[in-house]
2 protein chains.
Amino acid sequence: MPARRFTVLLAHELAWFRQCLIGRPFVGYQCATGQELAVTRPKHRPLTLRDVSEACGVSEMTVSRVLRNRGDVSAATREKVLAAAKALGYVPNQIAGSLASQRVNLVAVVIPSLSNMVFPEVLTGINRTLDDTPLQPVVGVTDYLPEKEEQVLYEMLSWRPSGVIIAGLEHSDATRAMLTNAGIPVVEIMDTDGTPVDSMVGISHRRAGRKMAEAILKQGFSRIGFLGTKMPLDHRARKRFEGFTEGLTKAGIEIEDREFYNGGSALAKGREMTQTMLERSPDLDFLYYSNDMIGAGGMLWLMDQGVDIPGEVGLAGFNGVELLEGLPRQLATMDACRAEIGEKAAQIILDRSAALDTEDSFEPEHITLAPKISYGQTLRRHGQG
Amino acid sequence: MPARRFTVLLAHELAWFRQCLIGRPFVGYQCATGQELAVTRPKHRPLTLRDVSEACGVSEMTVSRVLRNRGDVSAATREKVLAAAKALGYVPNQIAGSLASQRVNLVAVVIPSLSNMVFPEVLTGINRTLDDTPLQPVVGVTDYLPEKEEQVLYEMLSWRPSGVIIAGLEHSDATRAMLTNAGIPVVEIMDTDGTPVDSMVGISHRRAGRKMAEAILKQGFSRIGFLGTKMPLDHRARKRFEGFTEGLTKAGIEIEDREFYNGGSALAKGREMTQTMLERSPDLDFLYYSNDMIGAGGMLWLMDQGVDIPGEVGLAGFNGVELLEGLPRQLATMDACRAEIGEKAAQIILDRSAALDTEDSFEPEHITLAPKISYGQTLRRHGQG
DNA sequence: CTGAAAGCGCTAACAG
DNA sequence: CTGTTAGCGCTTTCAG
């Protein structure tokens, strides 16, 4: 009887059939009607513990122990198992492992954007702490949209991660509920002006704005413009702005002019906005930018115009981005401690997930970092001020 | 008999015991010796399908169907189930779902770095395509280290993702073996100068270098310096360099001077290197930078020095970063098509994983995008050139 | 030190 | 349209 390449099998036949396929390119199969069939092997069936077990003649359980370095296994067995696993190219199935062990070595990291270098830097900090630990970060991006945050968090929680690191303290009710009920450590990062669900690590943006206002006033500037992002959902930028006006108000001063932008190349926008503002309010003697990129754009524009910085106009930004180092003049700024925030947040998750094993209990941690002003060459009016 | 807070249970008791805990803060338990115990409920047991099933009086299977929108379910039952799931705050367990269904909606994305904005942009492209599909990207970072690439890939494959998107064509033997044997679609991105394991999407960096050489020569420049990254493992930068020298060689010209850097702020390094090179080789009339950031730094330095660009010295970079738009002068560059690469790569994975369901077979796709030179204001010597 | 048994929470396949 | 059954590949638990 000639071999055919394809046939339909009943379900229970198929189950048995798959057993036959292990490790063979194809298999001859005598089906119920007595027909002899040649069937192509399924393209790829990933190896299982059982395959390794059969290859080295050791029970699945022992293989598992060797591969996880758990429990005592004789050196001889260990060698045998490792050799077999390597020879076969076995890659353990974490899905099955996590289901069985009820522990998942993933940490959900939820951030608003990747385009703003701030967040890749936080991730770098998280990576640094989590490298050389079993924990692994998984990133979700929300585009600053609360609905998307909800959705992203939901999807991440459905993987039952060991912890959540999430940017900001402002969330929808649903998001907050999920965080509260997830039963895993949650660290809210970047911002500490508010009440976290659990732990938090960040800086006070309100205080940052206030401190910058104080520094500016101390240098004798008084006719101040603010340039920032329009995004109503960037709560941290908003809080900096609020803290800033608050700081000025305490000294009886008000912002003279303000300008907001949305999208586009930040550097180019900084130029445009600065031009617009100075044409509208030529009397200004200081410009405070809500981030370094637009600040740098503004600075470049002013230099093009031959404006004396900080003699005629002083400048400051926010974030302490590396880029500033290469600019013709060092822009005053404030470091947002991004990498450190990432490291500390990851450390909290790490400590807590270790504590779960030892049944220790942990209190929520609230860490507020204090960013320092870097005066650069655009804020100090009088010598070493 | 007084209630105690803690006790030791035999294993089989515990199993039964857990049933009692469902939905209750604590439970009275009559153990084998007749003792009545009050036991605190475990901190948190995530809800299961069974909980929802019990809450709404519908079989687990039907609940599952409703939650996945699979198969026909009567509107009435659907409503009931959805209401119960929502009320309880049920979040499905993907770990279990993936194990049972043998399909994991994750796409592994392996890239060398997050600090270089190129990669976040590729990710944005991938996200854009994968949004509104069940597939979800998971990112791993290799720091340009082959060993780390191996390790990261191994960990990602252990989650049995639906596909892999990985930067570059150069990998260790082990990495290549894993990619070949994973049995899932693999797309190697960014570069097309070489042989992929499966599919690839990118640009030819060799050709990019060559084209830039041709453009420079056509503008009449002839004493050319190259400034680039020292990283021997950035194969794409290397290939651009090779293509560049090749292009010059064809015209009988050789690079006059070269300078390489490592780490630090790219903008600042661009300044330094440019200064170093021009002091060493003052005759140069063109500088080709291996990326836009160092190019921008060089440009800023030259402008500080009052050098006429491109009259005295022409400049070009590579990548087409958004930043350039805000610079005092538009740097010539070449777009690396980053977002498009991300989109196309994700699309390939998407098509293939759909094809797996319909049993269609797919050929590897090799997509080479053609980056265009943007002349800016630093490359054209003679009017519109 | 090693093995056998019993699930983890869900879904595919089939039977009503 | 809905329910039942039998695993997915691994680890936990307990018994040698």
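Just so you know, these numbers use all the heavy atoms, side chains as well, and skip hydrogens, waters and symmetry mates. Letters A, B, ... are given to chains in the order of the sequence lines, protein chains preceding strands, and every chain is numbered from 1.
Checked against salt bridge (charged side-chain N to carboxylate O under 4.0 Å, His left out), B/Glu60 has the following partners two or more places apart in sequence or in another chain: B/Arg50. Taking B/Val152 as the reference, B/Val110, B/Lys148, B/Met156 meet the side-chain contact (heavy atoms from CB on, under 4.5 Å) condition, with sequence neighbours excluded. Residues meeting the side-chain hydrogen bond (donor to acceptor under 3.5 Å, both in side chains) test with A/Ser98, sequence neighbours left out: none.
What you find for A/Glu149 and A/His171 is that their closest heavy atoms are OE1-ND1, 3.0 Å. Taking all atoms of both residues into account, the shortest heavy-atom contact from B/Ile95 to B/Trp159 is CD1-CZ3, 4.0 Å. B/Val52 and B/Ala84 get closest at one heavy-atom pair: CG1-CB, 4.2 Å.
Of the candidate nucleotides D/dC8, C/dA12, C/dC10, D/dC8 has the atom nearest to the side chain of B/Gln102.
End-to-end axis angle of the helix from C/dC1-D/dG16 to C/dG16-D/dC1, from C1' rotation axes over five pairs per end: 30° (rounded to 10 degrees).
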Interface polar pairs with nucleotides 2-4 of chain C, N/O, under 3.5 angstrom:
unit_1, atom_1, unit_2, atom_2, d
C/dT2, OP1, A/Ser74, OG, 3.1
C/dT2, OP1, A/Thr77, OG1, 2.5
C/dT2, OP2, A/Ser74, N, 2.9
C/dG3, OP2, A/Ser59, N, 3.2
C/dG3, OP2, A/Ser59, OG, 3.0
C/dG3, OP2, A/Thr62, OG1, 2.8
C/dG3, N7, A/Arg65, NH2, 2.6
C/dG3, O6, A/Arg65, NH1, 3.3
C/dG3, O6, A/Arg65, NH2, 3.3

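The stretch residues 82-96 of chain B has no heavy atom under 4.0 Å from DNA chain D, so no residue of it qualifies as close.
In this structure, B/Asp351 contributes its side chain and B/Ile348 its backbone to no donor-acceptor pair below 3.5 Å.
Residue B/Pro161 forms a side chain to side chain contact (heavy atoms under 4.5 Å, CB included) with just one option from B/Leu135, B/Ile184, B/Val104, and that option is B/Ile184.
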